Undergrad: 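Quick one: this structure, given as structure tokens, is what I'll be asking you about.
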2 protein chains.
Amino acid sequence: MLGTQTKLEAILSDLEQAATLDGMQRVSEALREYYRVDHLVYHWVDSSGDQYGCGTYSDEWQQKYLQENYLRIDPVIQGCYQRFHPVDWKRLDWSSKAAREFLRVSGEYGVGNQGFSVPVRGPRGQFALFTINHSCDDEEWAVFTQDNRRDLILIAHYFNEKALEFEPDRQPEQQQALSPREVDAMTLLAIGYSRAQVANKLSISEHTLRVYIESARFKLGALNTTHAVARAMSRGLIVV
Amino acid sequence: MLGTQTKLEAILSDLEQAATLDGMQRVSEALREYYRVDHLVYHWVDSSGDQYGCGTYSDEWQQKYLQENYLRIDPVIQGCYQRFHPVDWKRLDWSSKAAREFLRVSGEYGVGNQGFSVPVRGPRGQFALFTINHSCDDEEWAVFTQDNRRDLILIAHYFNEKALEFEPDRQPEQQQALSPREVDAMTLLAIGYSRAQVANKLSISEHTLRVYIESARFKLGALNTTHAVARAMSRGLIVV
DNA sequence: TTCCCCCTCCCCAGAAATGGTGAGGTCAAC
DNA sequence: GTTGACCTCACCATTTCTGGGGAGGGGGAA
């Protein structure tokens, strides 16, 4: 539609004015009213495992989610993490036991059966999710998502933009680039070689290799080799 | 604005119908007409350094760009790669000698002095840029970008979505899933915990933990723990 | 019911990784 | 022309991981 709604305009304008996470919270609620849906959530997942966000899910559900570490089994997260584009929850994989259990529990906490989630990404592996959620039949939901898809993409974008304003520490951590040799080392480790094999592959001594791993580890703020490789990957410094 | 232009609607509808890169090319040209700007480009940069895209830059400039490997010094690429949000070219860093030289040469090839670029990201380090480019004064450009910012974000999004349709190697992977415990293990290892710490965190014995790591390693076809974590990440099985 | 997967626990010995420190060379930049 | 980042090599002792074993209980699926 590329929308013609002036009321939506007003809400988005409020979002642009928002100065705190609370402000975003209020915008979430306004959007929920506007769209007449059950829930609307913005959810950030950090490369260090931190999570935060805002939205209309009940406190109980949010607490339960964190407590049970549902991040690990939530098919919405799992699915969107592998996807490029917005996705309807029906198209996700709910077949695993854990997923069905998750679905059952989430229902008990008032999460609707229909959902539409927009993944948002940034540099250094930033990942966030904007979700709109409702209880209704498939047809009604199909019409809704069809009609509002574009606006939802934009809203996701603006939520993310806003969220970043409140997290200054996420931005300026200047990308500590790895040296070519460090990249080589991280890459080969990531594809399964042992230290000895990597050293051999790079035609250097294992001692030298260790220096690279150490310096990469230091630059990445990693606690061990596996962590360093994981960080290098999630920051897009190496590609495997 | 969230646009009210029905002509834009028609062009985007054409984009949705496009079945080849040529189709996108024609849409680029239609959009250039529509916005009355000099150029409009979609540029994909692959994780392995491959590039492709479509747009209205002259063949000479595209060839020159590849030949000189401008990807390395282009401040638009450099800047957007580290940024979350759309950016006006004026806000980029053109101070280096290489950047100024690049600017001069690009001008000779018909690239306008004003530009607005939208970065788009996907899983596994996919990165693309949608750029609109023109020759005019700052004020006129400010008005233009102000008015069309939202539509441009959406267009960037749709170009990317379309481009992915032509890249078959991305989608069809439905492989061995990890059990929740295995996901836990992989995730905690990825964020830097040692085996002992992970076991402690999960309140299980280290022996048990090892079973999970081993079974995850087996499922992932990995040679060691680091490899397993790397594979779990690159397959999007864990979110770090 | 039986089979298979998931979760949990245990032993051992050898292989590999780690953390700290030190040293010398090149090359580009300030 | 010194500084700093990068690449290369070395030794030490200690911790951690790895790769084989084996075992029992629970639950879903066929």
Side-chain angles (χ1 to χ4, degrees), chain A residues 68-69 72-73 94-104 174-190 192-232 237, chain B residues 72-73 95-99 175-232 237:
Chain A
E68 302 283 340
N69 214 353
R72 317 266 188 257
I73 56 167
W94 296 92
S95 62
S96 84
K97 189 179 157 187
R100 273 175 288 128
E101 171 67 7
F102 171 78
L103 185 60
R104 190 186 62 72
Q174 66 285 25
Q175 182 83 302
Q176 253 304 26
L178 299 180
S179 77
R181 276 316 218 189
E182 288 160 356
V183 172
D184 290 342
M186 291 294 107
T187 305
L188 291 171
L189 288 169
Y193 291 105
S194 70
R195 277 201 331 201
Q197 289 174 313
V198 173
N200 185 42
K201 203 88 178 172
L202 296 178
S203 305
I204 55 176
S205 77
E206 194 177 330
H207 310 287
T208 303
L209 173 68
R210 282 180 50 198
V211 178
Y212 298 146
I213 299 174
E214 280 299 288
S215 67
R217 198 164 62 76
F218 179 74
K219 286 179 181 177
L220 295 164
L223 298 168
N224 54 47
T225 302
T226 300
H227 192 196
V229 170
R231 288 206 149 177
L237 300 175
Chain B
R72 301 246 163 142
I73 57 167
S95 61
S96 84
K97 194 176 157 189
Q175 75 278 278
Q176 189 83 337
L178 299 180
S179 79
R181 272 322 216 188
E182 288 159 356
V183 173
D184 289 342
M186 291 294 105
T187 306
L188 291 172
L189 288 170
I191 60 178
Y193 290 105
S194 70
R195 280 204 325 206
Q197 289 173 313
V198 173
N200 185 42
K201 201 88 178 172
L202 295 177
S203 305
I204 56 176
S205 77
E206 194 177 330
H207 311 287
T208 302
L209 174 69
R210 283 180 50 195
V211 178
Y212 298 145
I213 298 173
E214 280 299 289
S215 67
R217 201 163 59 79
F218 181 74
K219 285 181 181 175
L220 295 165
L223 298 167
N224 54 48
T225 302
T226 300
H227 192 198
V229 170
R231 287 207 153 177
L237 300 173

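The chains referred to below are lettered A, B, ... by the order of the sequence lines, with proteins before strands, and numbering in each begins at 1. Keep in mind the model is a prediction, meaning the values are calculated, not measured.
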Undergrad: Can you check whether A/L209's main-chain N or O pairs, donor with acceptor, with A/R195's side chain at less than 3.5 Å?
TA: no
Undergrad: So, using side chain to side chain donor-acceptor pair (under 3.5 Å) as the criterion, who are the partners of A/T187 when residues are at least two apart?
TA: none
Undergrad: Nearest heavy-atom pair of B/A232 and B/L178: which atoms, and what distance?
TA: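 Looks like CB-CD1, 4.4 Å.
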Undergrad: Could you pull out the protein-nucleic contacts involving nucleotides 24-30 of chain D (nitrogen or oxygen on both sides, under 3.5 Å)?
TA:
none

Undergrad: Note the angle between the end axes of the helix from C/dT1-D/dA30 to C/dC30-D/dG1, five pairs defining each, rounded to 10 degrees.
TA: 70°
Undergrad: ring-ring contact (aromatic ring centres under 6.0 Å, His included) with A/F102: which residues, sequence neighbours excluded?
TA: A/W61, A/Y70
Undergrad: Nearest-Å distance, CG (A/N224) to C1' (D/dT16)?
TA: 10 Å
Undergrad: In whole angstrom, what separates A/L223's CG from D/dC17's C1'?
TA: 17 Å
Undergrad: Among residues at least two apart in sequence or on other chains, which ones pass side-chain contact (heavy atoms from CB on, under 4.5 Å) with B/Q197?
TA: B/Y193, B/S194
Undergrad: Only counting residues at least two apart or in another chain, list the ones meeting side chain to side chain donor-acceptor pair (under 3.5 Å) with A/R210.
TA: none
Undergrad: Taking all non-hydrogen atoms of both residues into account, name the closest pair between B/V229 and A/A230 and its distance.
TA: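 Residues B/V229 and A/A230, closest heavy atoms: CG1-CB, 4.4 Å.
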Undergrad: List the residues meeting salt bridge (Lys or Arg N to Asp or Glu O under 4.0 Å) with B/D184, not counting sequence neighbours, and say none if there are none.
TA: A/R72, B/R181
Undergrad: How far apart are the closest heavy atoms of A/T225 and A/R217, and which atoms are they?
TA: N-CD, 4.1 Å
Undergrad: Using the side-chain contact (heavy atoms from CB on, under 4.5 Å) criterion, which residues pair with A/L223? Sequence neighbours excluded.
TA: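 If we apply the side-chain contact (heavy atoms from CB on, under 4.5 Å) test to A/L223, skipping adjacent residues, the hits are A/H227.
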Undergrad: Which residues pass the side-chain contact (heavy atoms from CB on, under 4.5 Å) test with B/N200, sequence neighbours left out?
TA: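 Scan of B/N200 (side-chain contact (heavy atoms from CB on, under 4.5 Å), adjacent residues dropped) gives none.
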Undergrad: Within the pair B/R195 and D/dT16, is there a side-chain N or O less than 4.0 Å away from OP1 or OP2?
TA: no
Undergrad: For the residue pair B/G192 and A/N224, what are the closest heavy atoms and their distance?
TA: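 Heavy-atom minimum between the residues: O-ND2, 3.0 Å.
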Undergrad: With sugar-phosphate meaning primed atoms plus P, OP1 and OP2, does B/S215 contact a base, only sugar-phosphate, or nothing at under 4.0 Å between heavy atoms?
TA: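 Contact class for B/S215: none.
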Undergrad: Once side chain to side chain donor-acceptor pair (under 3.5 Å) is applied, do any residues pair with B/S179, and if so which ones, sequence neighbours excluded?
TA: B/E182
Undergrad: Which letter, B, S or -, goes with each nucleotide of nucleotides 7-14 of chain D from 5' to 3', with contact meaning a protein heavy atom under 4.0 Å?
TA: SBBBB---
Undergrad: Would you grab the first and last nucleotide of DNA chain C (5' to 3') that comes under 4.0 Å of any non-hydrogen atom in chain A?
TA: C/dA17 to C/dG20
